[in-house]
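Model, not experiment: these values are computed from the prediction. Here, residue 1 is the first one in the sequence, and each next residue gets the next number. Ligands are counted one by one from 1 in listed order, and the atoms in each one are counted from 1 as well.
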Amino acid sequence: MSISGSSAVADEIASLRAQLREHNYRYHVLDEPSIPDATYDRLMRELQALEQAHPELVTEDSPSRRVGDEPLTEFKQVQHEMPMLSLDNAFNAEEMLEFDRRLKQRLGREEDFEYACEPKLDGIAVSLLYRDGVLQRGATRGDGRTGEDITHNIRTVQSIPLSLLGEDYPPLLEVRGEVYLPRDGFEAMNEQARAEGTKLFVNPRNAAAGTLRQLDPRIAASRPLEMCCYSVGVVEGAGESWPGLQSEILARLQSWGLRINSDSDVVQGIAGCDAYYQRLAEKRDSLAYDIDGIVFKVNDIALQQELGFVSRAPRWAIARKFPAQEESTRLLDVEFQVGRTGAITPVARLEPVFVGGVTVSNATLHNRDEIARLGVKKGDTVIVRRAGDVIPQVVSVIGAERPADAKAIRFPSRCPVCDSPVEQIEGEAVVRCTGGLVCQAQRKQSLKHFASRRAMDIEGLGDKLVDQLVDEDLVENAADLYALTVEQLAGLERMAEKSAQNLVAALEASKQTSLARFIFALGIREVGEATALNLANHFGDLPPIIDASEEQLLTVDDVGPIVADHIRQFLDAPQNLEVITALRDAGVRWEQVQVADAGELPLADQTWVVTGSLEVTSRDGAKQALQQLGAKVAGSVSKKTSCVVAGPGAGSKLARAEELGIEVIDEAAFIALLGQHGVSL
Ligand code: IVH
């Protein structure tokens, strides 16, 4: 090849690398991708092809060089020239005040400090070394003085630039931060582990630590690790313009292509710290990653230097911890609950423990396989996790604390309520009671579901009353509800004549319903509200659903082979058809649905979220209106959300939408939009 030919190739390679770096930065650091993934992939393939044809032009900092060729045989040790410190903790507002007082006293100062606030990511502390802007080395913190060289794994982390952007970075720059796994990446890893039958990871932190500890970088490359930077270590040759504030250092790092936390902020005094802490505590559950507190740092670096260090922690910073989401406690016993569809759930009875902000005495053990996976016994000390609104769960067992008399947990072979045999269908984790509606537990649960607000909405028919009605043999199935008389009801314990009358009136009122609610109320396995609505919109009335073949059911949105099979099984059972007929004979009715082609609906393919309190309509009303227009309505905000309707009091979902840059509208705008499409509330 001629000289000019090869320099044209070199130019092309340089241009592709610059483009890829820029897009990487936009995607991973700014969270603002400007090209589709496919275009990125195409640029990457072009670069790889050119580099393969011209191996002499390959450089270590090329965006194509994230995964090395060979696993390491051992980890090298790294000495941290500047030790990697840890942080003192504060657990309440009082301890924050003390911290602030201590600093003021030490500096003999009265005016408030400016504090840099950053979420405390629950990951692994890592040091990155850049020489002339090129990543040389990544290392773990280790004991603070000696860590391990994990460069091979660090290079696979997409949010870590292999070379820095811009030109004004110091010739030697050590950056420090946290490597972590976002929650969805962690879930995906565990889903894969479940599918492959390998050991599950206990939490995102352990999963991140385990990944960085691998000798083979291909493992790290296959996992969605991220890094967030929060400080610098050794810096040489920075010159006069080096910033004097922590917040400016972060901004500088970001300008060089390093990721910093988008929630970082600067506040005045300890009151500002407190407000920031409260704000993030609200937001905590909606973040894409785990945080265990907030780090507050005196923003002024000169003051930091004046304050200095005590043993292993700086005086000028403190971590205010959130209430722990995991605690250890003793498992006293296990009970087995039978659900609406017969699923038997083992529930751990625990010695009460304060975790995630509340006292927890029950936690789910999910199913039989989970008990086996945990290897848990009665009497064990276990780790219980409660995060946000998720039901508490047992995540692991502290093996070393097992008492000599710990007892094995025997999963029942017969239903604890009706004594029917249990079954576990191959490939499913759930063990079920085979009693069907013979089982009182299943009967009660399906009646509770039938009466619930989003199903037939029978006001006044609560869980306790359903238990009583079944225990007294007044009701066997849903149709029996409509035959109840005021006399029968008034004869029940704790039931006044007036309430009995009200309930009969509520039953009467519930007869006028919608097809979607009715289908949902039947309690067919895997048929939730959304699927029920899709079925109603697709078929328009019940008889065509009853007559539909499995193939026809499969043409309905969201209905796959498993759901179609459940629907067919339910509708093929004569006793279910009898109940349906009896319900219709009792006067349960709905209006036929106009069958529209979903593709033509104005909000087809969109996913909406409704949050906060609405004034003109209810959340359910808003939901139904959206579904009429073809939108899916989801319970949580993700990248796939098209728009969020937020009323007053909206909290974490709104915060998450803002974080992801998703369109948010208020109720007035929502109603106007519905009006445009001819839907009134
Ligand atoms: S500053 C000299 N900032 O928390 C200051 N640490 O408990 C030392 N961490 O080892 C660290 N987020 O792994 C700092 N915004 C943040 C942090 C943070 C998480 C971790 C870090 C450190 C540990 C100390």
Side-chain angles (χ1 to χ4, degrees), residues 78 80-91 95-96 99 103 115-128 138-148 150 154 157 159-160 174-182 203-206 208-209 211-213 225-235 245-254 258-267 273 276-277 280-281 283-284 287-301 303-322 324-325:
V78 168
H80 297 297
E81 211 176 300
M82 256 175 76
M84 289 182 76
L85 299 168
S86 116
L87 289 167
D88 277 341
N89 293 323
F91 292 95
E95 290 177 12
M96 288 296 295
F99 159 75
L103 299 196
Y115 284 108
C117 326
E118 300 153 18
K120 185 171 189 296
L121 287 169
D122 203 5
I124 309 299
V126 156
S127 143
L128 308 177
T140 60
R141 170 168 179 265
D143 64 5
R145 302 202 160 270
T146 311
E148 275 172 345
I150 51 163
I154 284 299
V157 179
S159 47
I160 298 178
E174 183 196 356
V175 182
R176 292 172 177 183
E178 204 83 351
V179 170
Y180 63 96
L181 266 167
N203 56 39
R205 200 193 112 85
N206 286 13
T211 305
L212 290 182
R213 228 176 280 125
L225 291 172
E226 287 182 9
M227 176 156 179
C228 212
C229 302
Y230 48 68
S231 68
V232 293
V234 178
V235 179
L245 298 176
Q246 161 73 10
S247 50
E248 288 173 358
I249 293 180
L250 293 186
R252 209 59 83 82
L253 293 179
Q254 187 179 31
L258 294 148
R259 188 187 170 94
I260 62 162
N261 197 298
S262 55
D263 276 309
S264 306
D265 206 349
V266 172
V267 301
C273 294
Y276 181 90
Y277 174 85
L280 265 287
K283 207 173 167 180
R284 182 183 187 189
L287 293 174
Y289 42 79
D290 282 357
I291 62 175
D292 57 355
I294 304 295
V295 184
F296 297 102
K297 302 172 182 171
V298 171
N299 200 22
D300 188 325
I301 306 285
L303 290 180
Q304 287 186 4
Q305 278 161 357
E306 224 179 309
L307 286 161
F309 302 88
V310 254
S311 66
R312 290 160 55 86
R315 283 206 188 83
W316 42 265
I318 196 155
R320 178 159 177 202
K321 300 298 267 303
F322 288 128
Q325 292 183 320

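With hydrogens and angles left out, the side-chain atoms of Glu226 and Ser159 include no donor and acceptor closer than 3.5 Å. No hydrogens or angles considered: a donor-acceptor pair under 3.5 Å links the side chains of Gln246 and Glu118.
Nearest protein heavy-atom neighbour of atom 23 (C) of ligand 1: Lys120 NZ, 3.9 Å. In terms of protein heavy-atom proximity, atom 13 (O) of ligand 1 is nearest to Glu178 OE1, 2.6 Å. Nearest protein heavy-atom neighbour of atom 8 (C) of ligand 1: Leu85 O, 3.7 Å. Distance from atom 11 (C) of ligand 1 to its nearest protein heavy atom, with residue and atom name: Tyr230 CE1, 3.8 Å.
Residue Leu121 has at least one heavy-atom neighbour below 4.0 Å for each of these atoms of ligand 1: 12 (N), 19 (C). Under a 4.0 Å criterion applied to the non-hydrogen atoms of Glu118, ligand 1 contributes the atoms 3 (N), 15 (N), 16 (C). Against a heavy-atom cut-off of under 4.0 Å, Pro119 is close to the following atoms of ligand 1: 12 (N), 15 (N).
The pair Lys283-Asp263 meets the salt-bridge criterion, since a charged nitrogen lies less than 4.0 angstrom from a carboxylate oxygen.
Using a non-hydrogen distance threshold of 4.0 Å, Lys297 registers as a contact of ligand 1. Within the 4.0 Å heavy-atom shell around ligand 1 one finds Pro314.
Closest of all the heavy-atom pairs between Ser264 and Pro119 is N-CD, 4.4 Å. When all heavy atoms of Ala317 and Lys297 are compared, the pair lying nearest together is CB-CG, 3.9 Å.
Under 4.0 Å from ligand 1, not a single heavy atom of Arg176 appears. With a 4.0 Å cut-off on non-hydrogen atoms, Leu87 touches ligand 1 through its backbone as well as its side chain.
Ring geometry for Trp316 versus Phe309: interplanar angle over 60°, hence perpendicular rather than tilted (30 to 60°).
The environment of CZ in Arg315 is crowded: more than 12 heavy-atom neighbours from other residues, nucleotides or ligands sit within 6.0 Å.
At a threshold of 4.5 Å between non-hydrogen side-chain atoms, the residues Leu121 and Tyr289 count as touching.
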